[in-house]
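Single-structure report; data block below.
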Amino acid sequence: MSHYEASIREPLINGNKSYHDITVDVAAPVEGKANKKWWIAFTIALVAFLYGIGCIAYTIGTGIGVWGLNNRVNWAWDITNFVWWVGIGHAGTLISAVLLLFRQKWRMGINRSAEAMTIFAVFQAGLFPIIHMGRVWNAFYVLPLPNALGSLWVNFNSPLLWDVFAISTYLSVSLVFWYTGLLPDFAMLRDRAVRPFQKKIYSLLSFGWSGRLKDWQRFEEVSLVLAGLATPLVLSVHTIVSMDFATSVIPGWHSTIFPPYFVAGAIFSGFAMVQTLLIIMRKVSNLEAYITRVHIENMNKVILLTGGIVSVAYITEFFLAWYSGSSYEDYIYLSIGAATGPYWWAFWALIICNFIIPQSLWFKKLRTNYVWSFFISIVINIGMWFERFDIIVIGLSRGHLPSSWTMFSPTFVDVGIFIGTIGFFFVLFLLYARTFPVIAQAELKSILKSSGENYKKLRENNHE
Amino acid sequence: MSNKTLQAIFDDDDVLLSAVKDLRAAEYHIEEIFTPFPVHGLEKAVGLPNTRIAIMAFIYGVIGFSFAVWMMNYMMIADWPQNIGGKPSFSFAENMPAFVPIMFELTVFFAAHLMVITFYMRSKLWPFKNAENPDPRTTDDHFMIEIAVSDDVNALEDLLKKAGAKEIKIKA
């Protein structure tokens with residue numbers, strides 16, 4: 001069988017690795033003991049998470065009046081955080097589904113962690129609309145169930161209900177996609193496990209995966225079809241999230257470019273979060289051979305592309321706000337009114353973080369630099385949070401009725417819940433990093449001979 | 001034919017693939033192959049028919065789509081039509097554009113989940129199911145072919161050794 005790959009393509013697996021080396025390297029973080037740094041990070045995340053739980057309990061017990069919302073600005077941090085977290089989730093599906101359809105081999109080093117990030121981020125996202133309902137015990141009203149109050153059905157004309165279906169489909173499909181891919185890797189851990197408890201847990205998790213030929217054939221077909229289904233799904237999710245805004249009549253929200261622009265923004269922020277997590281993980285879990293400079297650079301290229309789309313959308317929005325000639329449009333989140341008004345700082349945070357700083361990725365030196373990539377990923381995460389904050393809060397603070405124009409200031413509860421979700425996210429991710437095979441090792445083995453450094457060198461020497 | 005099984009272990013996917021081709025040429029019946037990762041071209045070499053799971057996914061998708069159409073028509077048009085925000089629900093055709101997102105989501109939901117459930121059932125994967133790979137190394141870096149054999153196995157053993165098998169075991 002030919003494993004030929006053009007020699008101009010840089011190797012995706014560095015060093016002199018064999019199949020067994022991949023097994024050992026992927027199993028090492030699971031079989032080893034957590035070091036001090038992991039415990040410190042875990043403790044910080046856990047404390048943040050517990051603080052968040054406290055704030056959520058306070059909100060539910062007292063009512064959402066404890067937030068900084070007012071009559072005019074009736075959506076603020078909660079929906080900002082919701083959109084931010086859902087957006088972050090998009091990168092995982094993009095990497096595992098879209099890159100699979102495009103047969104991009106570099107996805108195999110990073111897809112597992114990116115999908116884990118997706119699932120954990122969507123958990124956080126889902127919390128916000130539910131808490132915002134106020135009476136969380138009635139959250140099941142969003143389901144199309146005949147309820148005890150008579151058969152009053154849900155309203156299928158509402159984008160908020162589309163969101164319920166989109167997010168729950170997205171979460172559950174991502175989960176089974178991720179889990180199906182995990183089966184062979186759990187089986188690998190099961191067959192290596194020495195301690196009986198570990199063996200038991202991984203036998204349970206691996207669903208008795210044995211690696212039969214027919215199973216692999218179905219596995220590959222299922223992965224391909226799931227990728228085909230998840231690709232339009234991931235585009236639909238943020239499209240529908242954007243329709244929460246675009247179908248309203250608030251100036252600045254009522255915008256037809258929202259769907260594609262939100263999707264690009266979601267991928268932009270998601271890849272930034274993958275960068276943040278993986279640049280740390282490759283060091284901490286000794287996976288430098290598998291998550292290489294090539295992976296980081298490729299992700300930076302995706303960030304540059306989607307960041308470019310987002311920037312074009314910003315310019316379009318800014319132009320349209322001016323060109324519409326409507327005085328209300330002059331106060332939308334991308335307008336002269338926003339740039340010079342009371343929310344100037346939020347406006348400029350968005351422009352600097354999302355528009356200006358990412359342009360540095362045009363330089364190969366910078367986009368192949370780990371430290372700079374990490375720095376930029378943090379900047380984009382902040383910038384994308386501000387984008388949603390600007391759309392929601394600046395948009396709402398200046399409506400059609402100037403007498404009700406107002407500002408928004410968050411309370412400690414708003415801040416606390418946000419910090420809590422960040423804590424929850426990292427609690428989940430840190431646990432994942434120590435108990436799950438963080439690289440899709442079975443798939444990675446299938447590209448070792450075509451994209452492994454030692455095999456590539458071997459072929460080149462044979463040709464000469 | 002007695003019901004003995006010969007297990008041959010290989011440590012390279014290319015050697016395995018050529019061995020499978022040799023076995024097929026010599027008209028041996030391959031019972032099963034256990035591999036740690038999907039070896040491309042192997043199912044063709046063994047002569048395994050294509051899986052029909054993608055066809056099932058399509059059918060499940062059609063079911064999901066039909067369910068979405070039926071559900072929204074029943075709830076919004078037939079059972080309790082309401083006038084929400086000046087947008088009355090008189091007929092399915094008029095409301096249809098607003099139903100498209102959920103038609104799409106339920107199509108994907110049904111196709112994805114029912115396909116994965118079908119995969120797990122057909123390949124017998126579920127919690128508390130015991131693994132059936134005879135050698136634990138086949139999830140790491142070894143490959144195993146199982147061949148049903150009669151009493152005379154010398155010719156087969158020679159063939160396998162020549163093809164590059166590392167170990168050969170016979171199980172009753």
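Worth knowing before you read on, the calculation uses all heavy atoms, side chains too, and leaves out hydrogens, waters and symmetry mates. Each chain gets a letter, A, B and so on, in the order the sequences are listed, and its residues count up from 1.
With chain A as the partner, the residue from T107(B), N50(B), I53(B), L48(B) showing the most heavy-atom pairs under 4.5 Å is L48(B). Contact count against chain A (heavy-atom pairs under 4.5 Å) is highest for P101(B) among S89(B), P101(B), G61(B), P134(B). With chain B as the partner, the residue from M188(A), M243(A), R192(A) showing the most heavy-atom pairs under 4.5 Å is M188(A). Listed options A166(A), S203(A), P184(A) were ranked by heavy-atom pairs under 4.5 angstrom with chain B; first place goes to A166(A). Chain A forms more heavy-atom pairs under 4.5 Å with one residue of G85(B), P36(B), A57(B) than with any other, namely P36(B). Per-residue counts of heavy-atom pairs under 4.5 Å with chain A were compared for P127(B), P97(B), A112(B); the largest is that of P127(B).
Heavy atoms closer than 4.5 Å to chain A are found in both the backbone and the side chain of F109(B). In this structure, chain A has no heavy atom under 4.5 Å from any part of E146(B). Contact of L444(A) with chain B is not made at all, since no heavy-atom distance falls under 4.5 Å. Looking at Y120(B), the atoms closer than 4.5 Å to chain A (heavy atoms on both sides) all sit in the side chain, from C-beta outward. For K200(A), no part lies under 4.5 angstrom from a heavy atom of chain B. Both the backbone and the side chain of Y179(A) come within less than 4.5 Å of a heavy atom in chain B. The contact between I240(A) and chain B is made entirely by side chain atoms (from C-beta outward), counting heavy-atom distances below 4.5 Å. The contact between E220(A) and chain B is made entirely by side chain atoms (from C-beta outward), counting heavy-atom distances below 4.5 Å. Heavy-atom distances place no part of R52(B) under 4.5 Å from chain A, backbone and side chain included. Of the two parts of P232(A), the backbone and the side chain both hold a non-hydrogen atom closer than 4.5 Å to a non-hydrogen atom of chain B. Using a 4.5 Å cut-off between heavy atoms, F177(A) makes no contact with chain B at all.
For the pair A98(B) and N157(A), the tightest heavy-atom approach, listed with the atom from each and the gap, is CB-OD1, 3.5 Å. In terms of heavy-atom proximity, V225(A) sits nearest to A54(B) at CG2-CB, 3.8 Å. When all heavy atoms of F37(B) and A442(A) are compared, the pair lying nearest together is CB-O, 3.0 Å. In plain terms, the two heavy atoms of S210(A) and F34(B) that are nearest each other are O-CD2, 3.2 Å. Nearest heavy-atom pair across R190(A) and N133(B) is NH2-OD1, 3.5 Å. Among all heavy-atom pairs drawn from E32(B) and L213(A), the shortest one is OE2-N, 3.6 Å.
Atom NE2 in H113(B) sits 7.0 Å away from atom OG1 in T169(A) (nearest 0.5 Å). If you take CG on L204(A) and CH2 on W126(B), they are separated by 14.0 Å, rounding to the nearest 0.5 Å. Between atom CG of residue N155(A) and atom CE of residue M75(B) there is a gap of 12.5 Å, rounded to the nearest 0.5 Å. Residue S158(A) holds its OG atom at 8.5 Å from CD1 of I84(B), rounded to the nearest 0.5 Å. Distance check: L448(A) CG to D141(B) CG gives 11.0 Å after rounding to the nearest 0.5 Å. If you take CD on E221(A) and CE on M115(B), they are separated by 8.5 Å, rounding to the nearest 0.5 Å.
The closest donor-acceptor contact from the side chain of W153(A) to the backbone of P81(B) lies at 3.5 Å or more, if one exists at all. Although no hydrogens or angles enter the test, the distance criterion places no donor-acceptor pair under 3.5 Å between the side chain of W216(A) and the main chain of V39(B).
Just one of K214(A), R218(A), R212(A), Q217(A) meets the side chain to side chain donor-acceptor pair (under 3.5 Å) condition when paired with S123(B); it is R218(A).
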**OP:** Would you please test D12(B) and K449(A) for side chain to side chain contact (heavy atoms under 4.5 Å, CB included) and show each step?
**Re:** CA-CA 11 Å; D12(B) 187 88; K449(A) 283 192 176 172; 2.7 Å; yes

Subject >> Derivation and outcome, side chain to side chain contact (heavy atoms under 4.5 Å, CB included), residues E105(B) and L233(A) >> reply: CA-CA 7 Å; E105(B) 297 300 334; L233(A) 180 65; 3.1 Å; yes

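Using a 3.5 Å distance cut-off with no hydrogens or angles, the side chains of S446(A) and H40(B) do not pair a donor with an acceptor. Using a 3.5 Å distance cut-off with no hydrogens or angles, the side chains of Y19(A) and D11(B) do not pair a donor with an acceptor.
No more than 12 heavy-atom neighbours from other residues, nucleotides or ligands sit within 6.0 angstrom of CZ on F58(B).
Aromatic ring centres of F207(A) and F128(B) lie farther apart than the 6.0 Å criterion allows.
The aromatic rings of F156(A) and F99(B) lie perpendicular to each other, with more than 60° between the two planes, well past the 30° mark.
The shortest distance between side-chain heavy atoms of D140(B) and D191(A) does not fall below 4.5 Å.
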